[in-house]
Amino acid sequence: MAVNRAWAAEGLRSFSNRPRPLPTRFWVISLASIFVLALLFVGHTSDSLPSIPGLNKEPEKAQPPPPTPESNDPPKGPAKNYDPEEFDLDENGLKMWVPPHMDALVHGVHASDGVKRKPTYPLDPFPQTPMTSPVQDNRPRPWLGAVICSAWDIKRRMLIRYTWMKMFKDVPMDQRFVISNPGPDWRAVIQQENATFGDMIVLDHLHEDDFTANTVKTVEFYRWLSDKSPVKYEFVSKMDTDLWVNARAYWDRQLLPRLDVVKSADGNTVTGYKANVNHTTIGQFYYDSYHRTAFPHGAIYTVTWDIVNLLPKLQDKHHIIAGEDVTMAWLLIKGHQKVTMAILTQEEKFEFDHKDTRPGERTPWARKGTDVTSSWHAMYGSEILAIHQLKKDDDWLMVAECFDERGIKEMPPYPEKEPEDKGEKPGYPRPFWTQIPNDFWETDVDGTLLCNGIWKLEPGVGRDMKKKPEGA
């Protein structure tokens, strides 16, 4: 396996006298495993840790989680179709949407059941989390990239730190992991990890469990930012742990055009950035037919700071308990807040399909004849911003080898003669947004398309998610 930069093993290979260096994959996984074992050893052999600057401050009083839904649980089962006769219209003749009256389903668990679960450990306050950049170069960083993860997923955090986070460390982005409170048994382990890397936000008022992670965790993360973060970011990206992000290209193509550069008086130094858009989300449209709701796909989406401030306030008023991304949509619907939806195409963000890779090769690159208009395919071309469904470490590291600090490497040519393909063939399912019902779409007063009463497409973008040429 040929790589141009051994970015994950540069500090380790000097100790090897082997004539043929071990592959980068070996060193990355070994480093992650060693660190995990070290943290576990510290956590189970120490009752307390020495004072750590920035971590042992007196914690602020934690806000309680949102209250449970009303005692009269809404009906179980899928949402009913909207009846056009049920809609009230606003002064512009647009529909006044309301969320479906239903008991939301969260990964197979009804919300009314999930909120009744019994906690298995006390929520002792965690030491305050630092929010200082590990890279102290005084450059303005208007972008926060936050990976929402389980406290116990130390190995995956190590893989992320030593792959795309390290590779794109010069991109003006603060990089963070967001976890809930894992309980007193894990306090020392997490505290030591954060003392080492300084890149973790602990929501100490939330239990670390699947139901919490998939319902209120994102909104409560926004609450933490709004109330406690010393930095007010122009853009905040929420990401999954199985998502690879080409941060270089994401910054250049999605964020920088939406920022105004602030310079020093002499015009020679960049002193900051200011978003030139508001109430904006950057993501890929998704439609949930069970909940009959449209929203940005949760693997990655980016919001402006005004949305970070708004959603916790709406949650305090409406107390939505549903899937995290459904929650976002329902809160905006209840708040009658329109949001500009900047679309990521299927070439830019997609679900990784191993069946679409080149037959006979160990590669994440797509086979000849791939369909990049599908939501599921392998890597193709130079437009890639985010790759989801990289749950296997081997797939993650294969993808990592296709990038360097400048972004994506050039796609290798197809072999002159492809080997016989005896594996399962890709299905190329249609994009998520193609399922959005016709009656969800309206034309807003400014001529842009409006979906579900809240999601405004950018000017010129049609229901095919493509921007029409000017003058067309």
Arg161 to Phe197 six-membered ring, cation-pi geometry met (6.0 Å, 45°):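 Arg161 over Phe197 ring: yes.
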Arg156 to Trp396 six-membered ring, cation-pi geometry met (6.0 Å, 45°): yes
May I ask you to check whether [X] and [Y] place their ring centers less than 6.0 Å from one another?
X: Trp251; Y: Tyr273; answer: yes
X: Phe440; Y: Trp97; answer: yes
X: Trp244; Y: Phe352; answer: no
X: Phe285; Y: Phe432; answer: no

Short question: side chain of [X], backbone of [Y] - any donor-acceptor pair under 3.5 Å?
X: Thr370; Y: Arg367; value: no
X: Asn452; Y: Ala294; value: yes
X: Thr327; Y: Ala322; value: yes
X: His336; Y: Leu332; value: no
X: His291; Y: Pro99; value: no

Candidate pair Trp365 and Cys402, rule side-chain contact (heavy atoms from CB on, under 4.5 Å), full reasoning: CA-CA 9 Å; Trp365 292 103; Cys402 299; 3.4 Å; yes
Do [X] and [Y] come within less than 4.5 Å of each other through their side chains, counting heavy atoms only?
X: Leu259; Y: Pro142; value: yes
X: Leu203; Y: Phe126; value: no
X: Arg157; Y: Lys155; value: no
X: Arg176; Y: Met200; value: no
X: Glu383; Y: Thr345; value: no
X: Ser229; Y: Trp224; value: yes

Donor-acceptor side-chain pairing of [X] and [Y] below 3.5 angstrom:
X: Ser112; Y: Asp103; result: yes
X: Asn309; Y: Ser226; result: yes
X: Arg117; Y: Thr212; result: yes
X: Asn276; Y: Asp260; result: yes
X: Thr448; Y: Lys456; result: yes
X: Ser375; Y: Tyr428; result: no
X: Gln346; Y: Thr373; result: no
X: Trp330; Y: Thr293; result: yes
X: His388; Y: Asp242; result: yes
X: Arg463; Y: Asn438; result: yes

Side chain to side chain donor-acceptor pair (under 3.5 Å) between Tyr250 and Thr302, intermediate numbers included: CA-CA 11 Å; Tyr250 200 100; Thr302 302; 2.7 Å; yes
Greater than 12 external heavy atoms within 6.0 Å of [X]'s [atom1]:
X: Lys274; atom1: NZ; result: no
X: Asp210; atom1: CG; result: no
X: Lys76; atom1: NZ; result: yes
X: Lys317; atom1: NZ; result: no
X: Lys263; atom1: NZ; result: no

Worked check of side-chain contact (heavy atoms from CB on, under 4.5 Å) between Glu458 and Ile343: CA-CA 8 Å; Glu458 292 183 296; Ile343 298 298; over 6 Å; no
Less than 4.0 Å between a side-chain N and a carboxylate O, is that true for [Y] and [X]?
X: Lys338; Y: Asp444; answer: yes
X: Asp464; Y: Lys466; answer: no
X: Glu348; Y: Arg253; answer: yes

Tell me the closest heavy-atom pair linking [X] and [Y], and the distance in Å.
X: Met173; Y: Ala247; value: CE-CB, 4.0 Å
X: Val399; Y: Pro364; value: CG2-CB, 3.9 Å
X: Met398; Y: Thr363; value: SD-N, 3.7 Å
X: His377; Y: Ser374; value: CD2-O, 3.2 Å
X: Phe168; Y: Val245; value: CE1-O, 3.6 Å

What class does the angle between the rings of [X] and [Y] fall in, given that below 30° is parallel, 30 to 60° is tilted and above 60° is perpendicular?
X: Tyr233; Y: Trp305; result: tilted
X: Trp152; Y: Trp186; result: perpendicular
X: Phe295; Y: Tyr286; result: tilted

CA sep, side-chain torsions, deciding dist, call: Asp356, Tyr380, side chain to side chain donor-acceptor pair (under 3.5 Å): CA-CA 10 Å; Asp356 191 40; Tyr380 181 87; over 6 Å; no
Verdict with supporting geometry, Glu234 and Lys232, salt bridge (charged side-chain N to carboxylate O under 4.0 Å, His left out): CA-CA 7 Å; Glu234 301 301 310; Lys232 308 304 179 186; over 6 Å; no
